[in-house]
Each structure stands twice: as structure tokens, then as C-alpha cells.
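Here's the structure, in C-alpha cells; my notes come after.
What you are looking at is a predicted structure, and each value in this text was computed from that prediction instead of being measured.
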Amino acid sequence: MSNQKKHTDSGIEIKPVYNTADFPSTNAEQPGEFPFTRGVQPDMYRGKLWTMRQYAGFSTAEESNKRYHYLLSQGVSGLSVAFDLPTQIGYDSDHPLAEGEVGKVGVAIDSLEDIQTLFNGIKLEDVSTSMTINATGFILLAFYVALAKQQGADLKKISGTIQNDILKEYAARGTYIYPPKPSMRIITDIFEWCGQEVPKWNTISISGYHIREAGSTAVQEIAFTLSNGKAYVEAALKKGLDINVFGKRLSFFFNAHNNLFEEVAKFRAARKMWAKIMKDLGATDPKAMMLRFHTQTGGSTLTAQQPLNNISRVTVQTLAAVLGGTQSLHTNGYDEALSLPTEEAARIALRTQQIIAFESGVPDTVDPLAGSYFVESLTNEVEATAWKLIEKIDALGGSVSAIEQGFIQNEIARSAYEYQRNIESGEKIIVGVNKFQVNDDPSIPGFKIDDSIRMVQAEKITRLKSNRSHSKCDQLLQLLNDKATSGENIMPVVVEAVENKCTLGEIADTLREVYGEYK
């Protein structure tokens with residue numbers, strides 16, 4: 001018998017066999033009931049499958065619009081928009097700092113006109129749209145609401161999510177503009193405004209995805225994400241908002257990696273922990289204690305070597321997300337370690353979800369792994385280890401302080417280093433990378449973005465600016481400056497500014513003057 005110890009990727013030791021003693025609880029917990037370990041709906045996927053939401057966005061709004069129509073024709077049930085770097089950090093496409101980046105990692109959006117093109121032929125009342133945008137999330141939300149108004153949509157019915165999670169930008173990803181405190185203020189402005197104007201909109205998607213992509217473990221992913229969530233809730237409470245109202249509009253975004261059982265345990269533990277956090281912060285409505293989440297399969301797990309192997313990886317990760325009770329899911333294309341996904345790769349990724357939904361039988365019963373000695377024991381271990389990390393963050397004064405002191409960043413860096421070291425020593429096997437290699441990898445045609453897109457976007461901006469009232473724009477940007485300075489809610493004036501053809505860069509710059517930039 002082998003006496004070699006085995007561990008999950010988070011370092012939790014795995015026993016050779018699990019028995020009743022490892023899970024003594026005769027816990028009669030039910031799905032749809034506090035603390036929601038077994039799922040947020042009593043009937044989960046028997047009532048309604050998760051939303052199959054494929055992430056797409058590249059080059060111009062026209063090109064991305066074509067991909068959205070294609071995905072809708074193939075059976076996706078929700079759209080998810082990727083934005084290019086200049087849009088994410090508040091620069092128009094014609095800004096000198098945007099050079100070389102326009103339309104590269106997502107779609108370039110400079111004005112309301114771009115959003116009109118992006119959703120051309122798509123009724124916003126009929127789809128739910130998720131937008132991966134943080135520092136400029138408030139501007140993209142304003143564009144979306146302005147377009148919905150033009151379409152004559154009922155704002156009480158439009159649904160979707162802006163990621164709007166700035167804390168993980170400082171901790172892991174880097175697309176921030178303003179310092180933490182004014183950024184937190186913009187976020188609570190959004191909570192307050194959406195509560196009144198677009199009540200079905202998810203105002204934040206508190207994101208563990210990028211924390212995991214930066215190299216954290218599964219345990220760190222939920223500990224840091226839930227801590228960030230707690231910081232947002234506390235900021236909203238300070239502003240006098242009702243936790244039972246805004247609590248229902250918080251959503252989460254997690255990663256799914258290859259260690260199937262640890263990932264399932266992570267999702268189950270996260271629900272249980274968030275329910276307790278919200279209850280302790282004063283929530284009394286069960287819906288405000290539910291952790292609802294979107295999952296994306298692990299981008300950092302995809303290999304450029306033998307890329308077709310990624311289809312199997314994505315399948316395991318899809319299973320983890322569904323067995324773990326996700327509300328919506330994006331599956332990565334097999335070629336994404338090489339380039340943006342080609343249409344074929346995007347289709348296979350969607351088909352992977354559909355095969356699990358309609359052929360595997362996994363959705364037929366709620367929380368199918370419940371009662372497994374191993375999974376229940378692992379859920380408890382993941383939870384206990386994550387609470388220890390949250391206690392450390394609380395002792396540092398919460399997430400904002402822990403980030404300002406570099407604690408979270410250092411923890412992630414240490415895990416990333418450890419993981420890489422294990423791959424290089426061969427302790428951790430990555431198929432096709434450090435074992436089972438081949439010499440002749442077939443070349444897969446990549447998907448490339450042309451640099452001429454910047455010219456196209458710049459021409460659009462010039463045209464827009466010659467077709468608007470300059471005095472009206474100046475007046476609205478001045479009003480935005482005044483509101484930001486006085487501490488009033490900025491959302492109404494941002495919506496009015498985009499309706500009057502102010503650009504994303506102009507709005508972001510106005511606030512740079514007031515808040516400064518985070519270095």
C-alpha cells in the first residue's frame with residue numbers, strides 16, 4: 001500500500017478512504033434553505049437550468065454584434081461582454097495610451113453609439129447581459145440604461161450584471177483608475193441608484209475568478225472574495241442602504257479548476273459562509289443571504305501545448321461548476337491559450353455545457369454529491385481553512401486595509417510561486433506540458449485582431465464630437481465634477497452625459513481631476 005500523502009491544490013490532506021466518522025453530521029439541511037450549502041433553489045436545475053452565458057467581445061462593436069447573434073442562434077441564454085483595455089481603464093480609443101490595445105482583449109466602447117451598434121437587433125428586455133467591467137463599470141451601466149430607454153424598454157425589467165468589483169483589481173488584476181476610497185464610493189452610488197431605477201440589475205459581481213487566475217488556491221479564492229464582499233456590504237451599510245434590498249442584488253463570480261471534488265466543496269462552502277456573513281451583518285431576508293454566482297472555467301489551466309486536451313479540462317471544470325450549483329456558466333474555448341477563441345472553439349465550448357445539461361443526467365437531482373463522506377468532509381475543511389484567512393483579514397481591519405498593506409497580494413504571490421515550483425519539480429503533473437509531451441504540435445489557426453481598428457474608432461469619435469452640443473457636454477461634465485466633489489450620487493448625471501454624447505474617456509477624466517489616480 002502506498003503511504004504517500006495526497007493533498008488538494010489548497011494543501012488540504014486527503015485520506016485514502018472516508019467513512020461515517022469523517023462526516024458525523026446527521027444534518028438534515030435542505031436546498032433553498034439557510035445556509036444554502038446545498039443550493040439556493042429548492043429544485044435547482046429541475047426548475048431551470050443554469051444560464052449558458054458565453055463571454056465574447058473583440059475589435060469593434062460591429063464585429064462583436066455578429067458574434068452575439070451567432071451565439072444566440074446556437075442556444076446561449078445570456079450575453080457576456082468583454083471590453084478592451086482602454087475601455088476598462090477609462091481611455092477613449094484615440095487617446096495616445098490606447099495605442100496597440102484597441103479592440104484586442106475585448107470590444108472598444110467609446111460612446112453611446114458604440115453600445116447601440118453592439119446590441120443592434122437585440123432587445124435588452126429579452127436578454128440578460130453581463131459586463132466584465134470594473135473601474136468604468138458605472139459608465140458602461142449608464143450606456144446600457146440609456147440604450148434601454150431608447151429602445152423603450154421597461155427599466156424595471158432589464159436584467160444583467162456589471163462586475164464592478166474594484167477591490168480584486170488592486171489585489172490581483174490591475175485595471176483600476178481611482179484610489180480605493182473614492183472607488184468604493186462610486187460602487188455604493190451604483191447600489192443606491194440601481195435599487196431605485198433598475199431593481200433587477202445585479203450591481204456587483206464579487207469576483208474570485210481573477211484572484212484564482214493570479215495564482216491563489218481554491219481556499220484563498222473564496223476567503224478573499226467573501227472578505228471583499230463583506231467590505232462592499234459594510235460600505236453600503238455606512239451609506240445607510242438597506243441590506244435586505246441591496247443584499248439581493250449582490251452576485252459572485254468564481255473560477256472552476258480541475259480538482260473536481262475540491263472545486264465542488266469550495267462552491268458549497270462559499271454559500272454556507274456567505275449566508276453566515278450576511279446574517280451577522282444584519283440581513284433578515286433569506287434572499288439577501290443567498291450566494292448566487294457565475295462560474296467561468298479556469299483560463300490559467302488551459303495549455304498552449306496539445307490544445308485539444310483543453311476540451312477535456314473544460315468538461316471536468318463544467319462538471320465541477322454544475323455539481324457545485326452555479327447559476328450561470330461560461331466555458332472557455334480550447335484555443336484560448338493561443339488567441340481569442342475562434343467560432344468553432346466557442347461552439348464546442350457551448351456544446352460542452354449543453355451535453356452536460358441534456359445528456360449527463362447531472363441536473364436531474366439537487367446537489368448530487370451531498371452525503372458523500374469525502375465531499376462533505378472536504379466542504380467542512382475548505383470552510384474551516386477559509387474562515388482562518390478571513391479572521392486574519394479582519395484583524396488587519398478588513399479587505400481594504402489588507403489590500404493597502406499588501407497582505408492579500410503577498411498571499412496570492414506565495415501560492416502562485418509554490419504551484420509553479422511543483423510543476424517544475426514534476427510533483428504536479430500537467431498533461432502535455434511536463435509529462436506526455438509530443439514534439440509536433442499541430443498548428444491551430446489563431447484569431448487575430450487588426451491594429452487598423454484604432455483608426456476606425458478614432459474616426460467615429462471625431463464624427464460624434466462634431467455632431468453634439470459642446471456647451472451641453474461641458475455643462476454636464478462640470479456638473480459631474482460638482483457632484484463628485486460634494487459627495488452626491490453621480491449616476492443620474494453620468495446617464496445624462498452619455499445621452500448627450502459625452503465619451504467614456506471624458507467622463508473618466510472628469511473624475512480623475514476630482515479623485516486623482518491610484519498608483
Side-chain angles (χ1 to χ4, degrees), residues 4-14 50 55 172 207-222 225 253-270 293-326 329-338 341 345 348-349 351-353 355-356 360 362 368-369 372 374-375 377-379 381-382 385-386 412 415-437:
Q4 200 194 354
K5 285 189 173 176
K6 299 255 179 213
H7 295 88
T8 69
D9 290 341
S10 295
I12 295 170
E13 193 178 330
I14 303 172
W50 62 94
Y55 188 46
S207 174
Y209 185 84
H210 307 94
I211 289 172
R212 192 70 181 277
E213 289 293 284
S216 83
T217 64
V219 166
Q220 288 172 329
E221 180 187 351
I222 60 168
T225 307
F253 171 27
F254 291 120
N255 209 317
H257 275 220
N258 292 326
N259 193 320
L260 181 70
F261 297 107
E262 182 174 45
E263 294 299 300
V264 173
K266 173 190 86 178
F267 296 131
R268 297 173 89 246
F293 66 99
H294 169 72
T295 308
Q296 181 174 339
T297 57
S300 61
T301 67
L302 302 177
T303 63
Q305 299 90 334
Q306 303 176 33
L308 290 173
N309 293 349
N310 294 327
I311 297 175
S312 303
R313 291 188 177 99
V314 170
T315 306
V316 171
Q317 295 163 10
T318 303
L319 265 174
V322 172
L323 289 166
T326 193
L329 180 61
H330 163 87
T331 31
N332 289 331
Y334 66 81
D335 55 0
E336 285 187 59
L338 302 162
I348 290 173
R351 294 291 181 258
T352 304
Q353 294 199 45
I355 288 167
I356 284 175
S360 74
V362 169
L369 293 182
S372 146
F374 177 39
V375 171
S377 168
L378 199 49
T379 301
E381 290 235 27
V382 166
T385 321
I412 295 171
S415 297
Y417 172 75
E418 195 61 25
Y419 186 76
Q420 195 52 41
R421 217 186 53 181
N422 289 340
I423 291 173
E424 283 170 21
S425 71
E427 233 172 293
K428 173 97 191 143
I429 289 169
I430 307 293
V431 173
V433 175
N434 62 358
K435 204 163 186 183
F436 315 115
Q437 296 107 316

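Counting heavy atoms from C-beta on, the side chains of Pro368 and Leu323 come closer than 4.5 Å. Under the 4.5 Å side-chain criterion, counting only non-hydrogen atoms from C-beta, Ile348 is in contact with Tyr334. In this structure the side chain of Leu369 never reaches within 4.5 angstrom of the side chain of Phe374, judged on heavy atoms. In this structure the side chain of Val219 reaches within 4.5 angstrom of the side chain of Val382, judged on heavy atoms.
By the salt bridge (Lys or Arg N to Asp or Glu O under 4.0 Å) test, Glu13 is found to be paired with Lys5, residues two or more places apart in sequence or in another chain being considered. With sequence neighbours excluded, no residue forms a side chain to side chain donor-acceptor pair (under 3.5 Å) with Ser377. Under the side chain to side chain donor-acceptor pair (under 3.5 Å) criterion, Asn258 pairs with Gln317, not counting sequence neighbours. In this structure, Arg351 has no salt bridge (Lys or Arg N to Asp or Glu O under 4.0 Å) partners at least two apart in sequence or on a different chain. Every residue two or more places apart in sequence or in another chain that forms a side-chain contact (heavy atoms from CB on, under 4.5 Å) with Ile356 is listed here: Trp50, Thr315, Thr318, Leu319, Val322, Ser360. For Glu427, the side-chain contact (heavy atoms from CB on, under 4.5 Å) criterion is met by Asn422, Ser425, not counting sequence neighbours. In terms of the ring pair (Phe, Tyr, Trp, His ring centres under 6.0 Å) criterion, residue partners of Tyr55 (sequence neighbours excluded) are, by chain and number, His330. Under the side chain to side chain donor-acceptor pair (under 3.5 Å) criterion, Glu213 pairs with Asn255, Ser300, not counting sequence neighbours. Applying the side-chain contact (heavy atoms from CB on, under 4.5 Å) criterion to Gln437, with sequence neighbours excluded, gives no partner residue. Partners of Thr326 under the side chain to side chain donor-acceptor pair (under 3.5 Å) rule, at least two apart in sequence or in another chain, are Thr295.
Across every non-hydrogen atom of Thr225 and Gly208, the tightest pair is OG1-CA, 3.0 Å. Minimum heavy-atom separation, Ala269 to Ile222: CB-CD1, 4.3 Å. In terms of heavy-atom proximity, Ala320 sits nearest to Val264 at O-CG2, 3.7 Å. Minimum interatomic distance between Ala214 and Ala416 (heavy atoms only, all atoms of both residues): O-CB, 3.7 Å. Ala304 and Ala337 make their closest contact through N-CB, 3.6 Å (heavy atoms, listed as atom of the first residue, atom of the second, distance). For the residue pair Val375 and Ser372, the shortest heavy atom distance occurs at N-OG, 3.0 Å.
Between the side chains of Ser415 and Gln220, at least one donor N or O lies within less than 3.5 Å of an accepting N or O. Side-chain atoms of Asn332 and Thr297 form a donor-acceptor pair, as typed in the model, at a separation below 3.5 Å.
To the nearest 0.5 angstrom, Gln305 atom CD is 9.5 Å from Asn434 atom CG. Atom-to-atom distance recorded for Thr217:OG1 and His7:NE2 is 13.5 Å, nearest 0.5 angstrom. Considering OG1 of Thr8 and CD1 of Ile14, their distance stands at 5.5 Å, rounded to 0.5 Å. How far CG of Asn310 is from CG of Leu338: 8.5 Å, rounded to the nearest 0.5 Å. How far CD of Glu336 is from OG1 of Thr301: 10.5 Å, rounded to the nearest 0.5 Å. In this structure, CG in Asn259 is found 9.5 Å from CD1 in Ile12, a value given to the nearest 0.5 Å.
With salt bridges taken as basic N to acidic carboxylate O contacts below 4.0 Å, one links Arg421 and Glu418.
Pairs of residues two or more places apart, or lying in two chains, that qualify as ring-ring contact (aromatic ring centres under 6.0 Å, His included) and include a residue from residues 293-317 are Phe253-His294, Phe254-Phe293, Phe267-Phe293. Identified under the salt bridge (charged side-chain N to carboxylate O under 4.0 Å, His left out) test for residues 253-270, with sequence neighbours left out: Arg212-Glu263, Glu221-Lys266, Glu263-Lys266, Arg268-Asp367, Arg268-Glu376.
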